[in-house]
Amino acid sequence: MAAEAKSPDRLYQEFTKGIWKENPIFVQVLGMCPMLAVTNTAINALAMGAATAFVLIGSSFLVSLLRKFVPKEVRISTYIVIIATFVTAADFLLQATVPDIHRELGAFISLIVVNCLILGRQEAFASRNSVGYAVVDAIGMGIGFALALFMLGSAREILGFGSFFGHPLFGPNYEPWVVMILPPGGFLMLGMILLVMNWFQQRKSRSRETMEKAA
Amino acid sequence: MEAPRQTPAYRLIVTLGVAGFLSGLIIVSVYEWTRPKILAHQAESLRKAVLEVLPAAKTMRPLVEVDGAWRIAPEGGATAGAGTAGAESGSGDGASGSSTSAAADGADDGAAGGKEAAPGERAFAGFDDSGSLVGFAFEAEGGGFQDVIRLIYGFDPKAREIVGMRILESRETPGLGDKIYKDPKFVHGFDALAVDPEIVLVKGAGSGKENEVHAITGATISSRAVVEILRTSRAHWDDATPQDTSMDRTRVSEKEEVQGGS
């Protein structure tokens, strides 16, 4: 286990790893169910990302705070109870503040409970680290997840509806690429983005290798 | 191999019990806190939908079931008490022999003021500025291409026309079936739609009759589902709607006389 002393360096690392190096969608490939279902428009993707981040941060905080009191035999059940509480709260809050978006997201809000990203962070990180790191990690992962959803949502909305945040972009003669807003479009778009990201990654490591050889 | 240290069972039970209790407490508080806002949103969107499908209407009141017949809820909402409704019908319909029994029935129903229909098949009466009835709005639902389609439509009983239709809830295919509410041409096809002899769905140009709905290209099944829902709902309500021959001048309070189940 890492040292408990908080170094700003480590805090920074725990924060940024969720956004880029260990991005939940593009690198860990977790949380595919909401990714496919609700990223057909930018606004839906943002709302889903925000709701998931809220649940993730809240649960990470509580799980980390209670990590010494929860016997390991019932830890998963306890995490699920904590997560479900936050999900239900998020459900009511969305319904009370943005009823239109809540109607669009429908059942997928409740399904945040089974988003493996959230339970994964509790088991892999929050239950083994102090509150500060756990919250920073959750914020990073939450932002990374929301950003990834937003990227997918924007791309799919632009191609599939020809609009961005509901504003038409290409005029009335644009023929929307309908498959992009259907679930298969989610897979297609994710595949394309993963392809580009891995290509960059490979190029980077290959150039590092050649540099090392030359040295 | 050494067996792992066992945590006593009572600790497991206590942990989960406490977690469940706290979680329940939090959920109930959030629920109580957000409920008024959620209900207000729902009521507002319902009111908006009713007034949208009844363009001439300015105010609305639900229909309630009293003694097996549908009536317009008395002024002040369905919860205002059936006593008022009974009194009103008693004074307004002096000539009718059944008015006293109607009042008694109303009183029997207690403070609920009659029973509103279940969500999904509710009905409302719309009134214009002067308080005269302009038509009814009905909720209806039925199977679509993927899931249940819920809609609301306005009906003018005098012209026997549907005067507006809005989809409240659907999961039709994005880009195809969702045109039942995104395609203005289809939606406005219900702005003056005769229901006699019955609503028909036509593909292509049709013959220009007033009871024709033009199917959306690429979404025939969703279009047919909407028409089917409207037909079913018309068949159900045509007999049950409060009938009133002197609709344009009568005040609502005087129209408690209902031809039950004719």
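Below, chain A is the first sequence line, B the second, and so on; all start at residue 1. All values derive from a computational prediction rather than experimental measurement.
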Inset, instruction - Let me know if Gln42(B) has heavy atoms under 4.5 Å from chain A in its side chain, its backbone, both or neither. - result: side chain
Inset, instruction - Please state whether the side chain, the backbone, both or neither of Thr88(A) comes within less than 4.5 Å of a heavy atom of chain B. - result: side chain
Inset, instruction - Tell me, out of Thr97(A), Val74(A), Val179(A), who's got the most heavy-atom pairs with chain B below 4.5 Å. - result: Val74(A)
Legend entry - Parallel, tilted or perpendicular: rings of Phe190(B) and Phe186(B) (30°, 60°): perpendicular
Legend entry - Nearest heavy-atom neighbours spanning Arg231(B) and Ile199(B): NE-O, 2.7 Å
Inset, instruction - May I ask you to test the Val187(B)-Arg166(B) pair for a side-chain heavy-atom distance under 4.5 Å? - result: yes
Legend entry - Atom pair OG1 (Thr16(A)) and NZ (Lys21(A)), whose distance is rounded to the nearest 0.5 Å: 7.0 Å
Legend entry - Residue Phe86(A) versus chain B: region with a heavy atom under 4.5 Å: neither
Inset, instruction - Classify the ring geometry between Phe155(B) and Phe138(B) as parallel (under 30°), tilted (30 to 60°) or perpendicular (over 60°). - result: tilted
Legend entry - Contacting moiety of Ile13(B), where chain A heavy atoms sit under 4.5 Å: neither
Inset, instruction - Heavy-atom distances under 4.5 Å only: say whether Thr7(B) touches chain A with side chain, backbone, both or neither. - result: both
Legend entry - Check: Ile152(B) and Met165(B) side chains under 4.5 Å, non-hydrogen atoms: no
Legend entry - Distance in Å, Glu157(A) CD paired with Leu152(A) CG, rounded so as to fall on 0.5 Å steps: 13.0 Å
Legend entry - Top contributor to chain B interface from Leu62(A), Asn40(A), Leu93(A), Ile82(A) [non-hydrogen pairs under 4.5 Å]: Leu93(A)
Inset, instruction - Return the option, out of Leu22(B), Val18(B), Leu16(B), Ile26(B), with the maximum number of heavy-atom pairs under 4.5 Å with chain A. - result: Leu16(B)
Inset, instruction - Could you look at Pro99(A) and say if it's the side chain, the backbone, both or neither that has a heavy atom under 4.5 Å from chain B? - result: side chain
